[in-house]
Amino acid sequence: MKYPLPFTLVTILLSVSSLLATSFYVDPVEGAQSNYGSISSPWHTLEEVVANGFIRSSAYQPLPYDAQSSKLTAFHVNAPIQPGDTLILLSGLHGSLFLKNYNNALPITLMAAPGESPVLEQVHLQACSNWILDGLIVSSEPYGHYLSDKLIYLESHGWQGPTKNITIRNCHIYSTKSPWTNAADWVNKASDGLFIKADSVLAQGNILENVHFGLTASGDYIQAIGNQIINFSGDGMRILGSYILFDGNTIKNCYDVDENHDDGIQSFTTNGHIVDHNIIRNNVILNYEDPDQPLLGPLQGIGCFDGFYNDWLIENNLICVNHWHGITLLGANNCRIIHNTVIDPTPDEEPGPSWIRIDDHKDGRKSSNCVVANNIANRIIADADTSGNFELRTYQQYREQFVDYTNYDFHLLAHSTLIDRGTANYGNGFDAEGTIRPQGAQVDPGCYEFSALTSLHSSIIASEPQLKLYPNPVANQLLLTTKLEWHHLVVCDVQGKPLIYLSQTNDPKTATIDVTQLSSGVYWIKVISRNGETTGFGKFIKL
């Protein structure tokens with residue numbers, strides 16, 4: 001097959017640039033800025049690397065930025081670090097990273113060295129493009145103070161120019177390592193985790209702990225995939241732009257410390273925000289894991305109150321919150337709420353129980369052409385086309401349908417009366433864990449499709465300790481630790497087809513599994529005993 005000349009030239013240029021790319025090393029313990037940046041002669045801190053002009057990049061000129069007249073002009077042209085290069089950071093305090101008008105033709109990667117824990121006090125990218133941050137720690141606590149600010153801020157700027165094409169992955173972003181137990185500390189010390197005021201950003205596999213607002217997507221074409229927001233005092237995530245994907249994120253443990261009405265995921269159209277064509281899929285929102293958690297209060301699930309919201313898909317989410325707003329859209333056109341499980345852990349207590357609701361805009365304008373189908377919720381209140389929905393309102397109904405609702409296992413029991421009761425006209429063919437729908441004669445309502453594999457998994461983890469898998473999501477090597485005795489491990493696809501076998505080594509408690517050859521997707525690991533019994537399960541995502 002022949003390609004046009006421009007495609008061929010671009011391919012060649014990218015390949016050559018990749019071959020010419022260089023890795024540099026930065027070590028706050030043993031390094032010095034007078035060194036060469038090699039592994040044997042590392043620089044000192046990342047903050048000093050930037051301050052000393054070691055990075056070639058390009059800035060918009062003239063300013064203020066104008067999309068028609070401003071052009072990129074190279075600076076620090078003889079600097080050692082060029083677009084396409086990688087800075088490998090070793091353990092220690094690297095200071096703050098503030099880049100203003102650093103735009104690269106190819107991405108520059110800032111990454112943690114294997115097994116190392118580099119710490120940045122704060123990250124602020126203003127009018128920047130083509131940067132990758134991978135495996136870094138971002139927190140001011142190791143520096144002896146609390147910012148009460150944005151820990152990572154990606155900022156398009158009216159004067160300096162846009163920020164775009166940024167990747168933040170596998171980073172640990174936290175205000176404090178342990179959650180505060182009093183409201184004043186949360187109010188005065190907690191920072192926002194990741195604030196994205198930019199376009200074309202990927203945030204993947206990050207852990208955001210003990211933060212005010214977790215992840216805010218205030219731009220277009222933003223993807224937030226597989227992140228964990230653990231312990232937050234504002235909103236877990238916010239959608240304030242269009243063509244945004246929130247997929248496979250976990251949002252849990254809300255601390256009620258002020259007058260903000262806290263949401264797992266919130267959106268609004270005020271202040272000029274246009275919020276159309278968005279997808280919220282495969283996410284887990286839990287108000288709390290521990291009912292005795294300090295500062296416990298109500299949490300709204302997915303709250304979208306100031307529409308209009310156009311062409312949204314909310315699919316395969318598990319939402320367990322003690323508030324009537326499980327999923328609420330007030331003012332919606334062409335929106336679909338499909339295959340969600342929305343359950344109040346205390347349906348007999350106020351505020352609650354939790355509903356799925358599509359209704360009028362607050363100014364009285366009607367919603368139109370929406371679908372609410374194949375959901376399980378405490379209540380369905382929808383100005384929409386509804387089918388295949390089921391309402392569960394009592395603890396007895398929870399016990400009859402779910403594996404273990406008290407421990408947030410909302411897989412359907414093998415004898416559930418909801419199996420095969422959904423409507424075939426809606427859904428993308430997969431559940432929240434990647435299991436193909438349908439497994440039986442018809443699809444199941446809710447976020448999980450019943451299958452023999454997931455049923456066995458649920459029954460085992462109810463009585464046995466779960467496997468620990470790291471990193472998860474994983475690209476190449478998966479590390480497994482377990483207390484279970486095992487003879488071999490089997491990696492299966494979501495249909496239970498065996499793909500990888502691994503026999504026991506000298507250490508029966510650990511294993512390293514090469515998953516490089518697997519396609520992207522969801523996989524299970526089965527622990528098999530010497531007598532051939534399956535004694536444990538784990539799940540991981542291959543990138």
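Quick caveat, the model's predicted, so the values are computed rather than measured.
Each of Trp43, Phe24, Tyr36 was checked for a ring pair (Phe, Tyr, Trp, His ring centres under 6.0 Å) with Phe54, and the lone residue meeting it is Trp43.
Side-chain contact check for Gln160 and Tyr65: no donor-acceptor pair (N or O, by modelled atom type) lies under 3.5 Å. Defined by atom type and a distance below 3.5 Å, a donor-acceptor pair is missing between the side-chain atoms of Ser96 and Gln122. Counting only N and O atoms by type, the side chains of Gln228 and Thr250 include no donor and acceptor under 3.5 Å apart.
In this structure, Asp220 contributes its side chain and Ser242 its backbone to a donor-acceptor pair below 3.5 Å. Asn317 places no side-chain N or O within 3.5 Å of a backbone atom of Asn340 that could act as its donor or acceptor partner.
Here OG1 of Thr163 is found 8.5 Å from CG of Asn101. Values are rounded to the nearest 0.5 Å. Between atom OH of residue Tyr174 and atom CG of residue Asn210 there is a gap of 10.0 Å, rounded to the nearest 0.5 Å. The CG atom of Asn182 lies 7.5 Å from the CG atom of Leu295; values are rounded to the nearest 0.5 Å. Note that OH of Tyr221 and CG of Asp199 are 9.0 Å apart. Values are rounded to the nearest 0.5 Å. Leu97 contributes atom CG, which lies 10.5 Å from atom OG1 of Thr45 (distance to the nearest 0.5 angstrom). The distance from atom CG of Leu133 to atom CG of Asn170, rounded to the nearest 0.5 Å, is 11.0 Å.
Taking all atoms of both residues into account, the shortest heavy-atom contact from Asn278 to Ile239 is ND2-CG2, 3.4 Å. Heavy atoms only, all atoms of each residue included: Thr216 and Leu240 are closest at CG2-CD1, 4.1 Å. Between Gly135 and Cys171, the closest heavy-atom pair is N-SG, 3.8 Å. The two residues Ile152 and Leu194 have their closest heavy-atom pair at CG2-CD1, 3.4 Å. Summarising the geometry of Glu121 relative to Leu147, their closest heavy-atom pair is O-CD1, 3.7 Å, with the distance given to 0.1 Å. Heavy atoms only, all atoms of each residue included: His94 and Leu90 are closest at NE2-O, 2.8 Å.
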Show, in sequence, the C-alpha distance, side-chain angles and deciding distance for Glu289 and Lys252, and conclude whether the salt bridge (charged side-chain N to carboxylate O under 4.0 Å, His left out) test is met.
CA-CA 7 Å; Glu289 294 174 288; Lys252 61 184 181 181; 3.1 Å; yes

I would like to know whether Ile302 and Ile314 meet side-chain contact (heavy atoms from CB on, under 4.5 Å); could you show each step before the answer?
CA-CA 9 Å; Ile302 298 175; Ile314 301 176; 3.8 Å; yes

side-chain contact (heavy atoms from CB on, under 4.5 Å) between Ile168 and Val123: does it pass, once the steps are laid out?
CA-CA 11 Å; Ile168 310 291; Val123 173; 5.9 Å; no

Taking it one step at a time, do Leu299 and Phe232 satisfy side-chain contact (heavy atoms from CB on, under 4.5 Å)?
CA-CA 11 Å; Leu299 176 68; Phe232 61 98; 4.1 Å; yes

Verdict with reasoning, Gln33 to Val49, per side-chain contact (heavy atoms from CB on, under 4.5 Å)
CA-CA 7 Å; Gln33 290 311 107; Val49 166; 4.0 Å; yes

Listing, residues 104-113 side-chain donor-acceptor contacts under 3.5 Å, not counting sequence neighbours, or none:
from: Asn104; atom 1: OD1; to: Ser57; atom 2: OG; distance (Å): 2.8
from: Asn104; atom 1: ND2; to: Asn130; atom 2: O; distance (Å): 2.9

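Partners of Trp312 by ring-ring contact (aromatic ring centres under 6.0 Å, His included), not counting sequence neighbours, listed by chain and number: Tyr309.
By the 4.5 Å heavy-atom criterion applied to side chains, Thr435 and Phe430 are not counted as neighbours.
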